[in-house]
Amino acid sequence: MRILSSDVKSHIGEKVHIEGWLHKKRLLGGLTFINIRDRRGLTQVVLENKDEVEKLRGLQIGTVLSADGTAVTEPRAPGGAELHDATIDIFVRVTDEPPIEIDKPIQHKSENLDTLFEYRALNVRNLQEQKIFKIRASLLRYIREFLTDHEFVEINTPKLIAGATEGGAEVFKLSYFDQEATLAQSPQLYKQMMVGAFERVFEIAPAFRAEPSATVRHMTEVYMLDIEMGFVNSHDEVLDMVGDMTLHALGSAYQEHAEDLKSLNAPPLVVTDKVPQITVAEIHKLYTKATGTDTTEEKDLIPDEEKWICEYAKKQLGSELVFATHFPVEAMKFYHQVNPEDPTTVLWADLLFRGLEIATCPLREYHYDKLVEQMKKVGMDVDHPGYKYYLQAFKYGLPQHGGCGYGIDRLVEKTIGLGNVKEATLFPRDINRLAP
RNA sequence: GGGCUCGUAGUGAAGCUGGCCUAUCACGCCUCCCUGUCACGGAGGAGAUCGCCGGUUCGAAUCCGGUCGGGCCCGCCA
């Protein structure tokens, strides 16, 4: 019966059987230590019998094996327990020398990220590297937990779609039998349609962007959390939901992974009970005053401004999370709702975290006639199959609604304090990389 | 797409104002020694036509041109 590494200490005095990968060997002459890795971590096994050590001759790290031995308490052992009088049994012999070392910190210097991804299948065997993806899984779990608790229904929408969905980002085109199809840049239109059925929906899925961006914050395939909620009376209701969800996910992950985050040099989390809001116009004003670079004419926030306002929010407001609200109407998308109290702005906010935009959270235009008008204004074909089914939902009744498009990769990157969104992604896709 | 920058054993780096480079170091690998290691330690060893092509030169890892491949910033970006 196999037991796992973390359970060895609860079987002291018993003969136990463990299975895993050879993670490290240290031969000290008459005494040999090996570390066996399983899904929980490492077990130190002591081999004193020369025949057992000889079984490992020529075998490399990664060899799959089992060990049978007596679990003993040993203060000198990592974790306080280890296996003695062990015999080993080899399952899979690995004789090729691995191209990278996995028992030492994995290089994350930007110049070496290419090597990181080249050997991704191997470097996630590094215990530190694994933590990134366990934390990612936890963040997703807490997000699902929060949304489910708030009566959101998780949906799945198609990624193969007919023609252009919207202006903006470039789409990937592909042949679909005798038609042309595109890969979805976002589930935007579908999630809005589903408000008509479920009121509250969310989806966690990849989105595809054919932008030739070569930066530390862009990929061509990104994991998006999309949320949409109906019957909202104000933009703040949406921002509160997204803000509270983020606080729940971050707070819980920071608690669950306190040690992991510390060992990854993640910065301590500085947040308040509610995510503070600052208008874009105010940010431009503050930034211009502080740096001398005039951004008051910009319609969006420039990258340096995003960094600056996050520093400002942390120092002045005690929060590393901040909403930049009221984007100017010049930057609006056809489905955004113009601010009824100030037609020069739209009810659209971006959630910024540690210097980076991680979510965009607008209130939608929900009146059929107004929406059609806004679409026609930007030259969209409302009869195109990409839009006509979307408009059906509005024609037959959608309440006021809003939501967000939320970059999961960016959230993970910033939570851990990594420098590049690709480091938070197992198999990143960018202009140059399509494999592994 | 524009600008800048980098390419040297399996990995990470040094050398790069030309010759002392027959290319250095660390980790990994191989052999041997070592009974408490945990980035074990010690002795020895193998492993690189210095991304590729061409040029300048008596001589190129080093200078020049081209090319291929990375990276960073800007732009683009539901």
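Values in this document were obtained by computation on a predicted structure and should not be read as measured data. Just so it is clear, the values below take in all heavy atoms, side chains as well, and ignore hydrogens, waters and symmetry mates. Per chain, numbering begins at 1; letters A, B, ... match sequence-line order.
Nucleotide G69(B) forms a Watson-Crick or G-U wobble pair with C6(B), both donor-acceptor distances falling under 3.5 Å. Judged by Watson-Crick or G-U wobble contacts below 3.5 Å, the nucleotide G44(B) has C30(B) as its partner. C25(B) is paired with G12(B) under the criterion used here, namely a Watson-Crick or G-U wobble arrangement in which both key atom distances are under 3.5 Å. Within the shown strands, nothing qualifies as a pairing partner of C50(B) under the Watson-Crick or G-U definition with both distances less than 3.5 Å. In this structure, C63(B) and G55(B) make a Watson-Crick or G-U wobble pair, each of the two defining distances being under 3.5 angstrom.
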Worksheet item: Could you run down nucleotides 35-41 of chain B 5' to 3' and tag each one B, S or - for protein heavy-atom contact under 4.0 Å?
Response: BBBBBB-
Worksheet entry | Base-contact (B) and sugar-phosphate-only (S) positions in nucleotides 66-75 of chain B, heavy-atom cut-off under 4.0 Å, - elsewhere | ----SSSBBB
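Atom CH2 of W348(A) is separated from atom P of C77(B) by 10 Å (rounded to the nearest Å). Summarising the geometry, the separation between CG on L22(A) and C1' on G28(B) is reported as 14 Å, rounded to the nearest angstrom. In this structure, the CZ atom of F172(A) is 15 Å from the P atom of C77(B), given to the nearest Å. Atoms CG (D300(A)) and P (C76(B)) sit 9 Å apart, rounded to a whole Å. As a whole-Å value, the separation of E306(A) CD from C77(B) C1' is 11 Å. Between I100(A) atom CD1 and C29(B) atom P the separation is 13 Å, expressed in whole Å. Here C27(B) presents its C1' atom at 14 Å from CG of N126(A), a figure rounded to the nearest Å.
No side-chain donor-acceptor contact under 3.5 Å links Q107(A) and T115(A). Between the side chains of H367(A) and Q374(A), no donor-acceptor pair of N or O atoms lies under 3.5 Å.
For C30(B), the OP1/OP2 oxygens have no side-chain nitrogen or oxygen of R57(A) closer than 4.0 Å. In this structure, Q60(A) reaches the C30(B) phosphate: one of its side-chain N or O atoms is under 4.0 Å from OP1 or OP2.
Within 6.0 Å of the CZ atom in R93(A), the count of heavy atoms belonging to other residues, nucleotides or ligands does not exceed 12.
E101(A) comes within 4.0 angstrom of a nucleotide base, judged by non-hydrogen atoms across all strands.
The minimum heavy-atom distance linking I61(A) with K25(A) is given by the pair CD1-N, 4.4 Å.
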